[in-house]
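For reference, the structure is listed below as structure tokens.
Quick caveat, the model's predicted, so the values are computed rather than measured.
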Protein chains: 2
Amino acid sequence: MEPLLLDRLLQIGDLFQKDMDRAFAGTGLTPARVHVLWALQHAGPSTQQALAGLCGVTPRNITALVDALEGTGHVRRTPHPTDRRAVLVELTPDAVATMTRMQQDHQELSASLLSAVAPEDRDAVERGVAAIAEHLAALVAQAGEAR
Amino acid sequence: MEPLLLDRLLQIGDLFQKDMDRAFAGTGLTPARVHVLWALQHAGPSTQQALAGLCGVTPRNITALVDALEGTGHVRRTPHPTDRRAVLVELTPDAVATMTRMQQDHQELSASLLSAVAPEDRDAVERGVAAIAEHLAALVAQAGEAR
DNA sequence: TATTGTTATACTCTATAACTATA
DNA sequence: TATAGTTATAGAGTATAACAATA
């Protein structure tokens, strides 16, 4: 019996997570902390409130994640120039280098995955996966409203 | 700029997780506990060692998950018929009904996702996603050996 | 009065190590 | 001696609620 499309997608998600967990082992990084680093690379220096929004977690949680990332030298807290309640979190030069490398690996992995698809199927797969992501996002948003 | 295929797949994984978390809210279920229930529905009554293997977690962790599921009435522990060291964990009738419903939802969601893909792309998407899953599994297994 | 970040507390998932009862 | 499950301990991620300083 063929596995369902959904089962394949769930399997892919599990494999990514397993791979990430091992790739970060021993580096002091975890998926949640890398998520913060990604947000900082894309958005630049940010307040913790902003990070909470970008990562979809509570401000309290961001405090803990930034504490850990500060401890491992990945980020720095600096005073906010105009709002003395807030702090700005920014990547250290080392972390910028790490994130640049990670982004390259990311692009290479994406290319490697596409190379596993038969050449005549590649366009359809890119279109189809994008359509699935958008459809699923709409379903989840709809379920969220009905809450 | 088009998002990478990999970004789409990661987005799909995040959306599934978000949807599951909300679907289970208030039921006492969590992704890890549902994983145990799935394993039990597919494998039938099982020892905790067997569940640890099926779920890919430590036996100690299974003890905690089964404790929680027993507390919410989803599973029962019964003595193993031939090995007095072991226990058999089995679904309660209520949990069997819950899992049957969940399996139906699962199939419907899979069909819904496929329906979001253009009809002429569907075969290619099913082939391509399967190929990606197998390719990724091989990459992860290879990285695991090099450990 | 509203917002930013923190302290306090709690729950879940996860792991390793040591221990008990049984094979 | 090896295996099944548990107790003990620890760390990470997550949440809510109460509080301080500042806007």
Side-chain angles (χ1 to χ4, degrees), chain A residues 13-14 17-18 20-39 45-72 74-90 147, chain B residues 13-14 17-18 20-39 45-72 74-90 147:
Chain A
D14 280 354
Q17 197 175 340
K18 203 161 291 181
M20 276 225 312
D21 284 353
R22 193 179 37 232
F24 299 153
T27 65
L29 291 178
T30 63
R33 294 175 193 176
V34 170
H35 196 167
V36 173
L37 296 183
W38 268 107
S46 308
T47 65
Q48 297 192 180
Q49 288 289 333
L51 286 176
L54 290 169
C55 295
V57 299
T58 60
R60 172 61 185 92
N61 200 350
I62 289 292
T63 296
L65 292 170
V66 170
D67 282 351
L69 287 168
E70 209 175 23
T72 53
H74 289 97
V75 306
R76 257 191 321 233
R77 281 181 168 105
T78 60
H80 191 289
T82 65
D83 186 338
R84 286 198 299 169
R85 294 171 305 179
V87 300
L88 281 181
V89 183
E90 63 183 9
R147 177 179 38 118
Chain B
D14 280 354
Q17 197 176 338
K18 204 160 290 179
M20 278 226 310
D21 284 354
R22 192 178 40 232
F24 299 152
T27 66
L29 290 178
T30 63
R33 292 174 194 177
V34 171
H35 196 167
V36 172
L37 297 181
W38 267 107
S46 308
T47 65
Q48 297 191 180
Q49 287 288 333
L51 286 176
L54 290 168
C55 295
V57 298
T58 60
R60 173 61 185 91
N61 200 350
I62 289 293
T63 295
L65 293 170
V66 171
D67 283 350
L69 288 168
E70 209 176 25
T72 53
H74 289 97
V75 306
R76 257 190 322 233
R77 281 181 168 105
T78 61
H80 192 287
T82 65
D83 187 338
R84 288 198 298 170
R85 293 172 305 180
V87 299
L88 280 181
V89 184
E90 64 183 8
R147 174 180 41 118

Are any non-hydrogen side-chain atoms of A/Thr27 and A/Thr72 less than 4.5 angstrom apart?
no
Between atom CZ in B/Arg84 and atom C1' in D/dG5, what is the gap in whole Å?
15 Å
Nearest-nucleotide check on DNA chain D, B/Ala86 vs A/Gly56; residue mapping nearer the 5' end is B/Ala86
For the side chain of A/Asp83, starting at C-beta, report the closest nucleotide among D/dA12, D/dG5, D/dT22.
D/dT22
Is any side-chain nitrogen or oxygen of A/Arg60 closer than 4.0 Å to OP1 or OP2 of D/dT14?
no
For B/Ile62, which contact category applies under a 4.0 Å heavy-atom criterion: base, sugar-phosphate, or nothing?
nothing
May I have the distance from B/His80 (atom NE2) to D/dA4 (atom P), rounded to whole angstrom?
10 Å
Chain B contact limits on DNA chain C, taken 5' to 3' with a cut-off of 4.0 angstrom to heavy atoms
C/dT12 to C/dA23
Phosphate OP1/OP2 of D/dG13: any A/Asn61 side-chain N/O under 4.0 Å:
no
What is the separation between atom CZ on A/Phe24 and atom C1' on D/dA12, rounded to the nearest whole Å?
15 Å
On DNA chain D, compare the nucleotides closest to A/Val57 and B/Ser46; which residue's is nearer the 5' end?
B/Ser46
Looking at B/Arg85 and D/dT3, is any side-chain donor or acceptor paired with a base atom of the opposite kind under 3.5 Å?
yes
Which value, rounded to the nearest 0.5 Å, describes the distance between A/Arg33 atom CZ and A/Asp67 atom CG?
10.0 Å
Taking every heavy atom of A/Thr63 against every heavy atom of A/Arg77, the minimum-distance pair comes out as O-NH2, 3.5 Å
